[in-house]
Amino acid sequence: MKWGVVRFPGSLDDGDSLYAIADVMGQDARMLWHKDESLGGVECVLLPGGFSYGDYLRTGAIARFSPIMKSVAKFAADGGLVIGICNGFQILCEAHLLPGALTRNRSLSFICERVWLRVENASTPFTRAAKQGDLLRLPIKHGEGLYVAPEDEIRQMEERGQVILRYVDAGGRESDAANPNGSMRAIAGVANQRFNVFGLMPHPEHAVEAMLGGVDGLKIFQSIAGSAR
Amino acid sequence: MQVRVFVTPRMGILDPQGRAVESSLQSLGFKNVSGVKVGKYILLEVQARTASEARDEAKKMCEALLANPVIEDYRFEVDGE
Amino acid sequence: MQVRVFVTPRMGILDPQGRAVESSLQSLGFKNVSGVKVGKYILLEVQARTASEARDEAKKMCEALLANPVIEDYRFEVDGE
Amino acid sequence: MSERPVSLPGEPKVDLEQARAHGLAPDEYRKIEQIIGRTPTYTELGVFSVMWSEHCSYKSSRRHLRKLPSKSELVVQGPGENAGAIDVGDGWAAVFKIESHNHPSFVEPYQGAATGVGGILRDIFTMGARPVASMNSLKFGSFEHPRTRYLLGGVVGGIGGYGNCVGVPTVAGEVMFDAAYNANILVNAFCLGLVRKGEMMSAKARGPGNPVLYVGSATGRDGIHGASMASAEFDKQSEAKRPAVQVGDPFTEKLLIEACLEAGKTGAIVAIQDMGAAGLTSSSSEMPSHGGLGIELDLDKVPLREAGLTPYEILLSESQERMLIVAERGREAELQAVFEKWDLHAVVIGRLTDDQRWRMRWRGQVVADIPIGALADDAPLYDRPAAAPKIQPPAKRCAAGKHPETAKALRALLDSPNIASKKWVYRQYDSIVQSNTVLGPGSDAAVLRIKNSRRAIALKVDSNPRACALDPYLGAVGTVCEAARNVACAGARPVGITNCLNYGNPERPEVMWQFIRGVEGLRDASIAFGAPVVSGNVSFYNETEGHPIPPTPTIAVLGVMADVSKHVAQFFKDPGDAIALVRTARPSLAASEYAAIFGIDGGRLVAIDLAREAALIEGLVEGAEQGLIRSAHDVAEGGLAVALAEACFNPRSILGAEVELGRAGNADAVDFFGEGASTVVLSIAQRDAARVESLFAGRGLEFAVIGRVIADPRLRIAAAAGLDEDVAELRQVYEDAIPRRLRGGD
Ligand SMILES: Nc1ncnc2c1ncn2[C@@H]1O[C@H](COP(=O)(O)OP(=O)(O)O)[C@@H](O)[C@H]1O
Ligand SMILES: [Mg+2]
């Protein structure tokens with residue numbers, strides 16, 4: 001599968017994402033530049049973590065208007081696979097490619113730690129290498145990861161299976177203490193209605209080598225690789 | 001013309017910052033305070049001939065960029081109105 | 001009584017947020033915009049008998065917590081004034 | 001070319017009084033008049049005052065710093081550039097430095113700490129190195145002091161806010177709370193970068209006629225030398241002219257990192273330096289001066305954030321995120337294109353000359369024309385009087401405290417903010433970006449792998465002001481030993497040192513004496529470990545209302561390991577493993593956390609035998625290389641009992657330990673909680689115990705197997721006054737100590 005990782009000014013995990021996909025997984029991956037409109041024929045677009053354009057005003061608010069995002073929106077409308085990690089998730093929400101929004105953690109401070117996630121829907125292109133209910137150990141590192149959306153919208157999303165990942169404790173149970181940022185319904189990752197756009201706050205690209213603390217992130221990338229059209 | 005934009009967290013949306021400020025104020029002894037909300041205050045200079053032209057511009061800017069309707073409400077004032 | 005506090009970056013202090021918003025607005029086609037500053041807008045309910053009592057409280061709160069005098073200016077309004 | 005520089009209308013008259021207001025001594029002012037052969041213009045006076053300040057000129061410290069060893073086979077760059085560099089193998093050089101941002105952080109903690117991080121990052125990437133890791137060393141007042149929480153929150157927020165946004169992981173650090181810092185906190189920031197050997201950039205300019213480019217943020221009135229604003233006439237105009245606090249913009253810094261590294265690859269950069277302290281003045285005078293050249297700048301071309309800045313303000317501004325570049329003549333456009341790609345502008349503001357003058361033009365006039373060496377290199381140097389204080393450091397805690405019950409003491413120590421988990425702090429730092437962090441904050445030293453190599457780097461920063469207060473020499477030696485030992489515990493051999501020397505007012509003979517003894521301690525330890533001092537920073541005048549801080553040399557040590565898979569963490573791993581203790585001496589309660597908490601007179605510091613220290617480090621490194629050591633933890637604040645507890649707090653799954661203290665000591669408070677004896681707690685597979693023993697005992701060190709790791713999460717120390725505690729409970733105390741205080745409990 002051909003992957004493209006978008007580099008915005010202020011992207012930080014762009015290199016790490018490319019490293020995870022190309023060096024660790026051995027896939028064909030390239031960097032895409034925010035000022036370009038061409039996606040270079042890739043089959044999956046990854047919007048990486050970081051602070052695009054400084055994340056001034058609101059996270060992802062300015063990146064949404066960069067030239068490449070027009071193409072990404074078109075690509076998504078055509079059914080192309082798009083994954084947004086952390087800042088990428090925030091950009092996708094701002095661009096209305098995903099429902100909801102991400103706001104400041106309830107602690108009001110940045111949090112960097114490993115958390116447990118439960119796979120709520122394993123039949124998406126992003127999770128098919130996992131099983132329903134599987135637990136993943138992934139790092140989070142963000143100051144604005146509190147997921148919000150109108151109550152009724154969340155209910156519909158849940159019914160449709162759009163809630164893909166939830167924060168849980170090591171035993172797989174939801175609890176307030178296991179919800180690191182105060183997200184509504186402990187939501188950590190969501191998909192659009194067509195299930196070709198996926199955003200998540202945890203960082204699968206930082207969980208691909210045992211020496212660096214775990215390999216659960218590979219499940220996400222393997223799922224996508226196995227979903228090539 | 002000066003435009004002042006006020007962006008506030010939407011009713012029903014969590015406002016952790018507002019809650020934190022409220023509890024800090026109370027622990028500082030300001031017991032009579034409640035309902036704290038923290039939003040953004042954006043000042044802009046808009047070159048426009050009339051206030052209503054400036055209003056139109058301001059509205060467009062709010063909708064395009066300055067506020068996110070999923071979580072925020074906005075209102076604005078134009079100088080001399 | 002509702003108190004509205006406006007906190008802005010002080011003159012001469014770098015305001016990277018304001019700059020980012022300004023250049024983003026301009027690249028969105030709002031060419032007539034300049035001098036953008038981004039600050040905070042804080043809404044509070046203060047239990048007070050008179051507006052002047054509320055003013056006193058508001059001033060104290062701004063100085064104690066709501067604004068950082070080293071880098072920020074503030075002003076406020078009290079309902080009904 | 002010899003136009004006489006002019007003062008501008010409205011500028012104050014320059015005389016001895018004005019010089020004094022700028023912080024220049026009368027002799028210094030006369031020397032300036034002599035050097036330039038006339039009365040300086042107001043702009044020139046301002047420029048001299050910053051370049052000859054202690055901060056920029058090192059006038060009180062330089063002759064002592066020369067004593068520090070700065071050479072070894074591995075040194076690629078010693079002191080003299082923006083940062084030092086050490087060969088770490090496989091073609092890589094590690095570029096690193098530590099710097100203070102104490103005063104700005106006290107005034108405005110968030111921005112002060114943030115801009116401290118920004119400044120040290122620039123020192124690293126100006127060398128052509130990509131910043132790969134940060135650390136910080138923080139000293140706050142006592143937790144009970146009313147400003148401490150505010151300062152702690154602001155400083156930590158600022159370090160995270162800046163570091164997280166530029167994508168450099170913060171991998172280690174230290175935090176201490178002590179009333180001695182109530183009115184003068186310390187914020188020391190470290191950065192490490194990696195560069196291919198031979199691709200390093202320099203701050204030494206060459207080639208008269210080469211253009212000088214200004215890159216980055218526009219210039220505002222940030223941080224203009226406060227003393228210079230003393231003039232009433234000058235200040236009257238508007239409130240806005242007051243010196244403004246420096247505000248950082250990490251986003252611009254991130255663009256600068258990428259753009260400067262990319263620009264470096266073009267080969268069109270002759271020299272590059274950040275505009276740090278003294279801004280445009282220092283960068284524009286140091287680069288040409290170090291190349292034996294002069295410079296002429298057109299200040300009208302400097303990008304300004306607001307209208308109306310005077311030449312004085314332009315030259316002295318400390319606005320952040322700015323760089324000065326000397327380009328190869330004719331290749332300006334090539335560089336400008338790289339910066340444009342990153343939405344940054346590079347503007348030609350002048351060129352190098354061969355007349356060794358520093359000449360500034362503004363609106364058609366010359367406003368400064370100075371022999372360049374006078375600014376950059378010929379500041380006065382002082383050999384300030386030094387004298388040991390007559391009475392040895394006052395025994396502040398003469399009231400003989402009472403020794404508490406052992407288990408209670410352990411809990412109290414784990415609950416002390418100086419010992420307790422700093423997770424509240426480092427959770428706010430991105431410690432994993434760049435995908436190299438093998439061991440992040442929480443263990444003795446951080447370990448970073450080098451991609452496409454088996455090699456790894458270990459890092460730690462330490463300080464021990466309480467020991468330095470008792471004996472500034474021994475304290476400094478001990479600090480270097482501690483940092484080096486931490487790195488060795490991780491399995492890395494210490495190869496380089498950087499330091500930030502935080503002291504009081506050097507015009508006091510006692511402070512000068514403390515400083516000199518500190519430098520000597522650093523020198524001796526550096527020689528003993530064969531780890532040269534390649535960079536550093538001095539911060540004097542850390543005092544408020546006549547009370548200097550305790551001498552606080554902050555030491556960062558860089559270590560290298562040949563095989564990253566052999567790295568060692570501080571946590572016990574498997575039940576059944578033997579727990580062993582290695583040490584170079586008997587501990588004492590001097591300068592210990594135990595003595596501080598319980599008001600005990602700790603007595604004298606343990607003497608340090610540097611040969612034994614070096615042997616301990618060698619043993620640790622060899623043991624790790626041979627895969628014999630399963631965990632290694634340095635015994636620091638709180639002594640052996642705390643170290644054992646911490647080793648049980650394995651984040652994967654807590655373990656227990658069963659230890660008999662009688663086997664190594666008298667099992668009194670000194671054995672449980674004593675410090676200063678360079679002690680390491682190891683866990684080793686039972687079958688390897690004899691081999692490990694020979695590693696250390698063979699080097700003449702005390703080695704004893706004192707117990708074993710157990711699955712039952714209890715810490716049992718058998719001794720006359722022993723203990724048997726639940727590890728989960730201890731960990732709860734340890735982890736909640738700082739959050740509980742911040743919640744307002746207690
Ligand atoms: N304590 C010290 N030990 C060794 N070198 C030092 C020390 N303090 C300063 N230096 C060196 O002196 C030079 C000037 O330091 P400094 O003024 O802090 O650099 P910069 O101008 O980059 O801020 C640097 O090369 C620095 O590494
Ligand atoms: Mg420098």
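By convention in this document, chain letters (A, B, ...) are assigned in the order of the sequence lines, proteins followed by strands, and residues within each chain are numbered from 1. Below, each value reflects all heavy atoms present in this structure, side chains not excepted, and no hydrogens, waters or symmetry copies.
Heavy atoms of other residues, nucleotides or ligands lying less than 6.0 angstrom from CD of C/Q2 number more than 12. At most 12 heavy atoms of other shown residues, nucleotides or ligands fall within 6.0 angstrom of atom CD in C/Q47.
Looking only at heavy-atom pairs under 4.5 Å with chain C, the residue among B/S34, B/G18, B/G35 that has the most is B/S34. When B/G39, B/A54, B/S24, B/A64 are compared by the number of non-hydrogen pairs under 4.5 Å with chain C, B/G39 comes out ahead.
Using a 4.5 Å cut-off between heavy atoms, C/K60 touches chain B through backbone and side chain atoms alike. The parts of C/I42 that come within reach of chain B are both its backbone and its side chain, each placing non-hydrogen atoms under 4.5 angstrom from that chain. Looking at C/V7, only its backbone comes within 4.5 Å of chain B, counting heavy atoms on both sides.
Here the straight-line distance linking atom CZ of B/R4 with atom OH of C/Y41 works out to 11.5 Å at 0.5 Å rounding. Considering CE of C/M61 and CG of B/L28, their distance stands at 10.5 Å, rounded to 0.5 Å.
For the pair B/T8 and C/L43, the minimum side-chain heavy-atom distance is below 4.5 Å. At a threshold of 4.5 Å between non-hydrogen side-chain atoms, the residues C/L25 and B/L44 count as touching.
When all heavy atoms are compared, the tightest approach of B/F30 to C/E57 is CD2-OE1, 3.5 Å.
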